[in-house]
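First comes the structure, then the notes that go with it.
When a ligand or atom number is given, it counts from 1 through the structure's own listing order.
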Amino acid sequence: MSEQQSSAQTYDIAVVGGGMVGLTQALLLAQHLPQARLVLLEAQPLSASEVKQYSFDERSTALSAASADLLKKLSLWSKVTQRAAPIRSVHVSDRGHMGATAYTQQENGGEPLGYVVENRHLGHCLNEAVRALPTIDLRAPAQVRRIVCTRDGALLDCETAKGEFQLQSSLVIIADGAESPLRQQLGVDTEIYDYQQQAVIANLEFVEPHRGRAFERFTTQGPLAILPLPAEDGAEVSRRSALVWTRPQSLLKETLALDDDQFKHAVQNAFGYRLGGLLRVGARYNYALKMIFAREQVRRSLVFIGNAAHFLHPVAGQGFNLALRDCAQLTAVLVQAWRRGETFGDLRVLNRYAQQQTQDQRSTAFVSHNFIRVFGSEHLSLQAARNLGLLSLELFTPLKHVFFAQMMGRAQPRANLHRKP
Ligand SMILES: Cc1cc2nc3c(=O)[nH]c(=O)nc-3n(C[C@H](O)[C@H](O)[C@H](O)COP(=O)(O)OP(=O)(O)OC[C@H]3O[C@@H](n4cnc5c(N)ncnc54)[C@H](O)[C@@H]3O)c2cc1C
């Protein structure tokens, strides 16, 4: 061991990045491996009152039933649902064509099809939970500048406003986002598909209460999703919805330049009047749409998770739900390693995780990617096929169940995480 290593504080597991995924991963590890020495490093300050991480901006996230179950096991659900709206039906249609289908809570055994939660609120819940746990050594704001693999694990060079420090960890779980500077520093290659599209998001208020209705609408310029949002404080019904509107790159400037009235008119024109007239529209934000896959998700002592491992098109609402299934599976593999007396950073342990999650990751990415290509296409034969597809879904109930299970990101997690390790 070098002199530098011996002076560094030592941990069993270091999680780098305290966005939605890194925070949830740290909470799962603290719950299932309370004996492990755990550190979480986040570049932004983690304050209880103001959420500053990128994950927790103005977006909202559609959570699958499996993600809701995971948050319940972390005892976070009652807090999360204070500002979450259940999805009671999803209506899928194609603008200008007759093909349409809907899936309702009744067809789903009476259970909501998912829940929409505002990211900022989810951020408060996760930040507070992490700050309340003494078993997580929280370092924020602290930026990890460099990771060097060593004989016993990895050495992390970190920086804060007060100066630099080093940590040594048997395993480093990297959740530093889609651009992942650490993935680049470690020379991990990526597969990238650029959709040449941007997602424009905004909060909307309609005349009619949404009553839990979500909509996916396909237009020649790309798909548009409208998700139900919870009522403002005290209101009995909610008229608020979240818009995720896919725009071709070439129309982004024009879309963002629209004033409120022009924007309302454009959205209404694309979406129609299923929720009545559009009363108000909030600030607009945009996100470049790509599919990014890390070609290596595990190395000895290293694992990439969340956006750092895979970044998917958001219209199918799968990215975070998939990342949570990864987190649960990784936790289960590490609990098993602990019981067997294996080292967390052992490549055989990490390969077990990779082998168990590859199929789920690949099939979720496949569905998400092809969904966008078929439903976002202006090609006449594809338009005809998707109309036929939507009509067939209406006619064949089993097909409809499979389609909506995939669309809602409801693949079942295999990880059987009990409360106590
Ligand atoms: C418009 C849009 C809508 C979406 N809707 C849905 C949806 O409905 N359902 C769904 O399942 N998914 C959805 N997603 C996907 C979801 O948002 C992502 O899965 C999620 O944000 C991934 O978070 P993350 O924690 O991996 O990454 P990030 O949110 O990027 O977090 C990375 C964190 O790492 C920190 N960091 C970076 N570098 C360092 C460093 N060197 N040292 C320390 N800290 C560092 C950053 O400060 C940041 O806090 C959507 C995505 C978009 C763009």
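- Within ligand 1, counting atoms from 1 as listed, the ones closer than 4.0 Å to a heavy atom of Gln143 are 41 (N), 42 (N).
- In Ala142, the part holding a heavy atom less than 4.0 Å from any atom of ligand 1 is the backbone.
- Atoms CG and SG, from Asp152 and Cys149 in turn, are 11.5 Å apart once rounded to the nearest 0.5 Å.
- Screening Val39, Leu40, Leu133, Asn127 against Leu138 for a side-chain contact (heavy atoms from CB on, under 4.5 Å) leaves a single residue, Leu40.
- Under the 30°/60° scheme for interplanar angles, the aromatic rings of Trp245 and Phe263 are found to stand perpendicular.
- Contact annotation: Ser64 has no heavy atom less than 4.0 Å from any atom of ligand 1.
- For atom 16 (C) of ligand 1, the closest heavy atom belonging to the protein is Met20 CE, 4.0 Å.
- Val15 has its side chain out of reach of Leu41: every pair of non-hydrogen atoms, C-beta onward, lies at least 4.5 Å apart.
- A salt bridge links Arg325 to Asp360: one of the charged nitrogens lies within less than 4.0 Å of a carboxylate oxygen.
- The nearest protein atom to atom 48 (C) of ligand 1, hydrogens excluded, is given as Glu42 OE1, 3.5 Å; this is a heavy-atom distance.
- Ligand 1 has no atom lying under 4.0 Å from any heavy atom of Ala323.
- With Thr358 contributing its side chain and Ala354 its backbone, the two residues share a donor-acceptor pair below 3.5 Å.
- In terms of protein heavy-atom proximity, atom 9 (N) of ligand 1 is nearest to Ala62 O, 3.3 Å.
- In terms of the ring-ring contact (aromatic ring centres under 6.0 Å, His included) criterion, residue partners of Tyr115 (sequence neighbours excluded) are, by chain and number, Trp77.
- Counting atoms of ligand 1 from 1 in the listed order, those under 4.0 Å from a heavy atom of Leu41 are 43 (C), 44 (N).
- Figure legend: Arg299 and Phe304 shown without cation-pi pairing, the cationic atom not lying both under 6.0 angstrom from the six-membered ring centre and within 45 degrees of its axis.
- Residue Gly17 approaches ligand 1 through these ligand atoms, each under 4.0 Å from one of its heavy atoms: 34 (O), 35 (C), 44 (N).
- Among the atoms of Asn119, none of the N or O lies under 3.5 angstrom from an N or O of ligand 1.
- Of the heavy atoms in Thr61, both backbone and side-chain atoms come closer than 4.0 Å to ligand 1.
- Contacts between Gln318 and ligand 1 below 4.0 angstrom, taking non-hydrogen atoms only, involve the backbone exclusively.
- Looking only at protein heavy atoms, the nearest one to atom 1 (C) of ligand 1 is Arg59 CD, 3.6 Å.
- At a heavy-atom distance under 4.0 Å, only side-chain atoms of Val16, from C-beta outward, approach ligand 1.
- Using a 4.0 Å cut-off to heavy atoms of Gly306, the atoms of ligand 1 that qualify are 26 (O).
- From the protein, the heavy atom lying nearest to atom 15 (C) of ligand 1 is Phe320 N, 4.0 Å.
- Residue Arg280 qualifies as open at atom CZ: its count of foreign heavy atoms under 6.0 Å is 12 or below.
- The shortest N or O to N or O distance between Ala308 and ligand 1 is not under 3.5 Å.
- Remark: Phe206 pairs with Phe271 by the ring-ring contact (aromatic ring centres under 6.0 Å, His included) rule, at least two apart or across chains.
- Set against the non-hydrogen atoms of Gly177, the atoms of ligand 1 under 4.0 Å away are 27 (O), 30 (O), 32 (C).
- Between Gln249 and Gln198, the side chains place a donor N or O and an acceptor N or O closer than 3.5 Å (distance only, hydrogens not considered).
- Residues Asp157 and Val144 are not in side-chain contact: their nearest non-hydrogen atoms beyond the backbone lie 4.5 Å or more apart.
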Working for ring-ring contact (aromatic ring centres under 6.0 Å, His included), residues Tyr195 and Tyr193: CA-CA 6 Å; Tyr195 293 98; Tyr193 183 93; 5.0 Å; yes
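- Between Tyr54 and ligand 1, no N or O atom pair is found at a separation short of 3.5 Å.
- Of the protein's non-hydrogen atoms, Val21 CG2, 3.7 Å is the one closest to atom 24 (P) of ligand 1.
- The ligand atoms of ligand 1 that sit less than 4.0 angstrom from a heavy atom of Gln53 are 49 (O).
- Ligand-side atoms of ligand 1 in range of Gly19: 25 (O), 31 (O), 33 (C), 49 (O), range being under 4.0 angstrom from any heavy atom.
- The residue Ser180 has no part lying near ligand 1, judged by heavy-atom distances below 4.0 Å.
- In summary, Asp259 and Lys264 do not engage in a salt bridge, as defined by a charged side-chain N under 4.0 Å from a carboxylate O.
- Nearest non-hydrogen protein atom to atom 50 (C) of ligand 1 is Pro314 CB, 3.7 Å.
- Using a 4.0 Å cut-off between a side-chain N of Lys or Arg and a carboxylate O of Asp or Glu, Glu232 and Arg240 qualify as a salt bridge.
- Less than 4.0 angstrom separates some heavy atom of Gly317 from each of these atoms of ligand 1: 7 (C), 8 (O), 9 (N), 10 (C), 11 (O).
- Note: no N/O pair closer than 3.5 Å links Tyr287 and ligand 1 by distance alone.
- Protein heavy atom at the shortest distance from atom 40 (C) of ligand 1 is Val144 N, 3.8 Å.
- Considering backbone and side-chain N/O atoms, Ser55 comes within less than 3.5 Å of an N/O atom of ligand 1.
- Tested against Glu208 for a salt bridge (Lys or Arg N to Asp or Glu O under 4.0 Å), the candidates Arg239, Arg213, Arg274 yield a single pass: Arg213.
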